[in-house]
**Student:** 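Pasting a structure below so you can have a look.
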Amino acid sequence: MRAHRALTVLFGAVALAHLGALLAAPSVALFTKPALMPLLAAYVLARGGPRLLVVALLFGCGGDTLLQAGGDVPFLLGMGSFAAGHVCYLVLCSRHGSPGGARTRRLAAGYGAAWLVTVALLWPGLEAGLRVPVALYSLLLVTMALCATRTLPLAAAGGALFVVSDTLIATGVAGWPQAPAAQFWVMLTYIGAQFLLAEGILRSATLSGAEGAGRTPGPSTDERERQRTASRASTMPKP
């Protein structure tokens with residue numbers, strides 16, 4: 001079995017163990033959660049994926065670990081770690097995605113409206129010190145999700161799931177009533193989001209690399225200048 005396939009199986013096994021632990025043995029989940037994103041990062045490395053994607057996933061691991069500590073300061077630091085990962089995703093999706101068009105503008109309007117409504121609803125329940133950071137983080141999150149729509153559908157779905165997962169977290173922070181096994185649903189959508197983003201960006205990077213390799217390289221800037229000089233010389237009248 002190739003290394004990346006073995007890592008896929010291992011990541012899936014740890015993800016299932018973590019989700020099961022959330023339902024039956026929460027203390028075990030404290031150990032399985034920090035292992036998830038490093039395993040996914042190792043999978044990306046085994047596939048020869050972009051190093052920036054590995055960095056994004058490791059920032060996710062930092063956020064996962066910090067959020068387990070509890071309290072406002074670890075929450076803000078964890079949110080900052082996830083925000084750094086979203087910046088990495090933005091760069092990757094811009095680098096390997098297609099230019100935006102009318103569809104992107106329509107999706108931008110939808111994501112923007114969802115952001116405004118969600119922040120307005122959560123605002124009264126958030127502590128004063130968390131309101132602005134949560135609003136700014138969520139704006140970065142929906143921007144990343146929108147940018148992911150310019151790549152493959154896998155990454156677009158991952159971006160949307162990330163919005164769902166973090167919205168579930170925010171409702172808990174704002175003191176909203178929670179569904180049974182709330183952490184299970186948060187982690188189910190989060191794990192799916194990170195895997196789909198990683199897989200979608202991996203495939204997008206492979207496609208853009210293949211397209212770049214198939215192009216015939218044009219002349220360099222210096223070569224084009226020499227060609228123009230030679231062309232002008234050939235059209236000058238001879239003495």
Side-chain angles (χ1 to χ4, degrees), residues 33-34 36-45 47-68 72-100 104-105 107-108 110-112 114-116 118-119 122 129-170 173 186 189-206 208-209:
K33 186 178 182 181
L36 289 166
M37 293 306 108
L39 283 172
L40 193 52
Y43 164 75
V44 170
L45 282 175
R47 288 275 304 272
R51 295 300 173 92
L52 191 59
L53 179 53
V54 174
V55 173
L57 293 168
L58 293 180
F59 274 126
C61 176
D64 291 339
T65 305
L66 286 163
L67 290 188
Q68 290 189 140
D72 287 353
V73 173
F75 178 78
L76 288 170
L77 291 174
M79 192 163 58
S81 189
F82 282 121
H86 294 329
V87 172
C88 295
Y89 282 136
L90 276 169
V91 173
L92 287 162
C93 292
S94 298
R95 185 180 296 168
H96 301 294
S98 60
T104 301
R105 289 191 291 273
L107 289 170
Y111 269 121
W115 173 75
L116 282 172
T118 302
V119 170
L122 291 172
L130 294 178
R131 287 172 176 171
V132 173
V134 167
L136 293 176
Y137 170 81
S138 59
L139 180 60
L140 175 62
L141 172 63
V142 297
T143 303
M144 180 278 292
L146 175 65
C147 196
T149 64
R150 293 166 49 192
T151 62
L152 294 178
L154 283 174
L161 272 180
F162 221 131
V163 173
V164 172
S165 179
D166 279 5
T167 301
L168 291 174
I169 293 175
V173 174
V186 167
T189 50
Y190 169 72
I191 292 168
Q194 291 280 36
F195 179 78
L196 290 172
L197 276 166
E199 188 66 28
I201 291 171
L202 270 172
R203 296 187 186 187
S204 294
T206 301
S208 60

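Side-chain atoms are counted along with the backbone in the values below, which use heavy atoms only and exclude waters and symmetry mates. Quick note: residue numbers are just sequence positions, from 1.
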**Student:** Got L161 and F195 here, is their nearest side-chain heavy-atom distance under 4.5 Å?
**Tutor:**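 No - every pair of side-chain heavy atoms lies 4.5 Å or more apart.
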**Student:** Could you walk me through whether V134 and M79 satisfy the side chain to side chain contact (heavy atoms under 4.5 Å, CB included) test, starting with their C-alpha distance in whole Å, then the side-chain angles of each, then the deciding distance to 0.1 Å, before giving a yes or no?
**Tutor:** CA-CA 8 Å; V134 167; M79 192 163 58; 4.3 Å; yes
**Student:** When you compare the side chain of Y111 with that of V163, does any pair of heavy atoms fall below 4.5 Å?
**Tutor:**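 They are in contact (side-chain heavy atoms under 4.5 Å apart), so the answer is yes.
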**Student:** Has R150 got a side-chain atom pairing as donor or acceptor with S98's backbone, closer than 3.5 angstrom?
**Tutor:**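 Indeed, once roles are kept as given, a pair shorter than 3.5 Å links the two residues.
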**Student:** Can you list the steps and then say if S138 with T118 is a side chain to side chain contact (heavy atoms under 4.5 Å, CB included)?
**Tutor:** CA-CA 9 Å; S138 59; T118 302; over 6 Å; no
**Student:** Can you tell me how far CG of L141 sits from CG of D166, rounded to the nearest 0.5 angstrom?
**Tutor:**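 Rounded to the nearest 0.5 Å, the CG-CG separation comes out at 5.0 Å.
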**Student:** For the residue pair L90 and L140, establish whether any side-chain heavy-atom pair is separated by less than 4.5 Å.
**Tutor:**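 Of all side-chain heavy-atom pairs linking L140 with L90, at least one is under 4.5 Å.
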**Student:** Considering non-hydrogen atoms only, spot the tightest contact between S94 and C147 and give its length.
**Tutor:**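 In this case the closest contact between S94 and C147 is OG-SG, 3.5 Å.
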**Student:** Atom CG of L45 and atom CG of L40: how far apart are they, to the nearest 0.5 Å?
**Tutor:**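 Rounded to the nearest 0.5 Å, the CG-CG separation comes out at 10.5 Å.
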**Student:** Taking C-beta and beyond as the side chain, do L197 and M144 meet within less than 4.5 Å on heavy atoms?
**Tutor:**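 With C-beta onward as the side chain, the pair touches.
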**Student:** Could you point out which residue of T65, L58, V54, D64 forms a side chain to side chain contact (heavy atoms under 4.5 Å, CB included) with M37?
**Tutor:**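 The side chain to side chain contact (heavy atoms under 4.5 Å, CB included) with M37 is passed solely by D64 among T65, L58, V54, D64.
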**Student:** When you compare the side chain of L146 with that of T149, does any pair of heavy atoms fall below 4.5 Å?
**Tutor:**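 Side chain of T149 against side chain of L146, heavy atoms only: contact under 4.5 Å found.
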**Student:** Tell me, do L53 and Y89 make a side-chain contact under 4.5 Å, heavy atoms counted?
**Tutor:**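 Touching, per the 4.5 Å side-chain cut-off.
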**Student:** Show the nearest heavy-atom pair for residues L57 and A198, with the distance to one decimal.
**Tutor:**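 The answer is CD1-CB, 4.4 Å.
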**Student:** Could you measure the distance from the CD1 atom of I201 to the OG1 atom of T206? Nearest 0.5 Å is fine.
**Tutor:**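 The distance works out to 11.5 Å.
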**Student:** Hey, does the side chain of W115 reach the backbone of A135 with a donor-acceptor pair shorter than 3.5 angstrom?
**Tutor:**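 The answer is yes, because a donor-acceptor pair under 3.5 Å joins these two groups.
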**Student:** Which heavy atom of L154 sits nearest a heavy atom of G200, and at what distance?
**Tutor:**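 Nearest heavy atoms, L154 then G200: CB-CA, 3.9 Å.
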**Student:** Are C61 and L36 side-chain neighbours, meaning at least one heavy-atom pair lies under 4.5 Å?
**Tutor:**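 No - every pair of side-chain heavy atoms lies 4.5 Å or more apart.
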**Student:** Which residue pairs satisfy the side chain to side chain donor-acceptor pair (under 3.5 Å) criterion with at least one member in residues 78-87, sequence neighbours excluded?
**Tutor:**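 Qualifying pairs, neighbours excluded: H86-Y137.
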**Student:** How far apart are the closest heavy atoms of A193 and G158, and which atoms are they?
**Tutor:**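 Scanning both residues, the minimum pair turns out to be CB-O, 3.3 Å.
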**Student:** Write down the atom of V91, the atom of L52, and the distance for their closest heavy-atom approach.
**Tutor:**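 Residues V91 and L52, closest heavy atoms: CG1-CD2, 3.6 Å.
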**Student:** Indicate the atoms forming the closest heavy-atom contact of V55 with C88, along with that distance.
**Tutor:**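 That would be CG1-SG, 4.0 Å.
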**Student:** Do F162 and Y190 touch side chain to side chain, with heavy atoms closer than 4.5 Å?
**Tutor:**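 Yes; the side chains approach each other to less than 4.5 Å.
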**Student:** Just do the side chain to side chain contact (heavy atoms under 4.5 Å, CB included) check on V87 and F59 with the steps written out, would you?
**Tutor:** CA-CA 10 Å; V87 172; F59 274 126; over 6 Å; no
**Student:** OG1/T151 to CZ/R95 distance, rounded to the nearest 0.5 angstrom?
**Tutor:**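 Answer for the OG1-CZ pair, T151 versus R95, is 13.5 Å.
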